[in-house]
Amino acid sequence: MGAGVGVNHLVCVTLGTGVGGGLISEGKLIRGMNGFAGEIGHIQIDPQGRVCNCGQVGCLETFSSASAIVHRAQECMTMGRSILLDRDKQLTAQQIFELATQKDELALHVIQPAIEALARVFATLSVVLNPALFIVGGGVSKAGDSLFLPLREKYAEYTQNSVQKDVRIIPAELGSRAGFVGAARLIAQQEN
């Protein structure tokens with residue numbers, strides 16, 4: 001459904017407060033032994049990194065979620081680095097990405113690790129699952145080209161040429177309806 005219509009091999013990632021995911025192979029959702037397949041937010045990126053909500057250390061979620069991006073920006077702001085934001089207002093990941101398009105040095109410094117971590121996970125998933133498509137949804141995906149252009153560049157840099165050929169990385173289309181649509185689809189499939 002949505003951006004994945006007609007694609008039998010894809011990875012869908014949601015970048016919001018956390019990082020969620022879904023894996024489709026041969027047109028079917030991969031659930032795994034206990035139903036935890038697709039939890040790509042908990043792939044370890046840095047064994048010396050921050051503690052994640054899951055209890056592990058250095059997960060993708062601690063790099064690429066909206067919460068992690070905002071947290072990193074707030075840390076930089078308290079260290080005296082400048083950012084083109086009113087410090088009294090609520091900071092969002094989308095604002096940080098918008099500032100990055102304006103070449104704000106702090107914003108670029110903040111989003112770079114988020115994009116690199118996500119690209120590395122996509123590169124890993126490419127050799128494990130060989131998807132044709134990565135769909136990125138959630139609030140962070142609203143950053144548009146300031147997310148997708150560097151993400152595609154880093155993905156190409158980190159991925160084997162033979163694996164990345166013809167792979168696309170695109171924004172999700174269903175927006176906030178995605179969870180409802182997916183749940184309804186799963187129920188319908190179970191009844192058949």
Side-chain angles (χ1 to χ4, degrees), residues 2-7 9-24 38 40-41 43 45-46 49 59-77 81-85 91-176 178:
V5 169
V7 180
H9 301 276
L10 66 91
V11 174
C12 184
V13 179
T14 304
L15 301 174
T17 304
V19 176
L23 312 171
I24 305 288
I40 70 163
I43 293 174
I45 300 297
D46 179 5
C59 295
L60 175 64
E61 191 166 295
T62 67
F63 284 86
S64 302
S65 68
S67 303
I69 293 166
V70 168
H71 181 76
R72 194 173 312 111
Q74 289 170 333
E75 280 184 341
C76 290
M77 289 168 61
R81 295 187 180 165
S82 65
I83 192 163
L84 302 173
L85 288 173
L91 184 62
T92 68
Q94 189 170 351
Q95 290 171 323
I96 297 164
F97 274 95
E98 287 169 8
L99 289 168
T101 63
Q102 299 168 25
K103 305 296 185 215
D104 179 84
E105 286 185 34
L106 174 60
L108 290 167
H109 173 77
V110 167
I111 68 166
Q112 183 179 2
I115 290 170
E116 287 180 5
L118 190 58
R120 287 189 186 283
V121 167
F122 282 10
T124 300
L125 292 172
S126 286
V127 294
V128 173
L129 298 170
N130 192 217
L133 179 64
F134 287 95
I135 300 171
V136 181
V140 175
S141 71
K142 293 176 185 169
D145 285 347
S146 59
L147 167 66
F148 286 96
L149 294 177
L151 177 58
R152 290 175 186 132
E153 287 174 15
K154 286 295 179 184
Y155 171 76
E157 181 182 328
Y158 299 151
T159 309
Q160 298 172 1
N161 289 338
S162 59
V163 176
Q164 68 174 280
K165 188 174 187 261
D166 301 323
V167 174
R168 297 178 299 140
I169 301 173
I170 63 171
E173 294 177 356
L174 295 176
S176 60

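Please read all numbers here as calculations on a predicted model, not as lab measurements. Excluded from the calculations below are hydrogen atoms, water molecules and symmetry mates; all remaining heavy atoms, backbone and side chain alike, are included.
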A side-chain contact here means heavy atoms from C-beta on lying under 4.5 Å apart; do [X] and [Y] qualify?
{"X": "L91", "Y": "Q74", "result": "yes"}
{"X": "I24", "Y": "H9", "result": "no"}
{"X": "V136", "Y": "I170", "result": "no"}
{"X": "L118", "Y": "Y155", "result": "no"}
{"X": "F63", "Y": "D46", "result": "yes"}

Check whether the ring centres of F122 and Y158 lie less than 6.0 Å apart, and answer yes or no.
no
Backbone N/O of [Y] and side chain of [X]: donor-acceptor pair under 3.5 Å:
{"X": "T159", "Y": "A156", "result": "no"}
{"X": "E61", "Y": "V19", "result": "yes"}
{"X": "Q112", "Y": "H109", "result": "no"}
{"X": "T14", "Y": "G137", "result": "no"}
{"X": "S64", "Y": "A114", "result": "yes"}

For the atom pair [atom1] ([X]) and [atom2] ([Y]), what is the distance rounded to the nearest 0.5 Å?
{"X": "S162", "Y": "N130", "atom1": "OG", "atom2": "CG", "answer": "8.5 Å"}
{"X": "L60", "Y": "I45", "atom1": "CG", "atom2": "CD1", "answer": "5.0 Å"}
{"X": "L147", "Y": "R152", "atom1": "CG", "atom2": "CZ", "answer": "8.5 Å"}
{"X": "Q94", "Y": "K142", "atom1": "CD", "atom2": "NZ", "answer": "7.0 Å"}
{"X": "E116", "Y": "E157", "atom1": "CD", "atom2": "CD", "answer": "7.5 Å"}
{"X": "Q95", "Y": "I69", "atom1": "CD", "atom2": "CD1", "answer": "12.5 Å"}

Specify the closest pair of heavy atoms between [X] and [Y], including all atoms of both residues, with the distance to one decimal.
{"X": "V110", "Y": "C76", "answer": "CG2-SG, 4.3 Å"}
{"X": "L129", "Y": "V11", "answer": "CD1-CG2, 4.1 Å"}
{"X": "I115", "Y": "P150", "answer": "CD1-CG, 3.6 Å"}
{"X": "T17", "Y": "S67", "answer": "O-OG, 3.0 Å"}
{"X": "L99", "Y": "A107", "answer": "CB-CB, 3.6 Å"}
{"X": "P171", "Y": "A3", "answer": "O-CB, 3.8 Å"}

Would V121 and F134 count as a side chain to side chain contact (heavy atoms under 4.5 Å, CB included) here? Give the steps.
CA-CA 11 Å; V121 167; F134 287 95; over 6 Å; no
Are E75 and R72 ion-paired here, with the side-chain N under 4.0 Å from a carboxylate O?
no
Test log, rule side chain to side chain contact (heavy atoms under 4.5 Å, CB included), inputs I96 and I111:
CA-CA 8 Å; I96 297 164; I111 68 166; 3.7 Å; yes
Begin with the C-alpha distance, continue with both residues' side-chain angles, and end with the deciding distance and a verdict on side chain to side chain contact (heavy atoms under 4.5 Å, CB included) for I135 and V13.
CA-CA 6 Å; I135 300 171; V13 179; over 6 Å; no
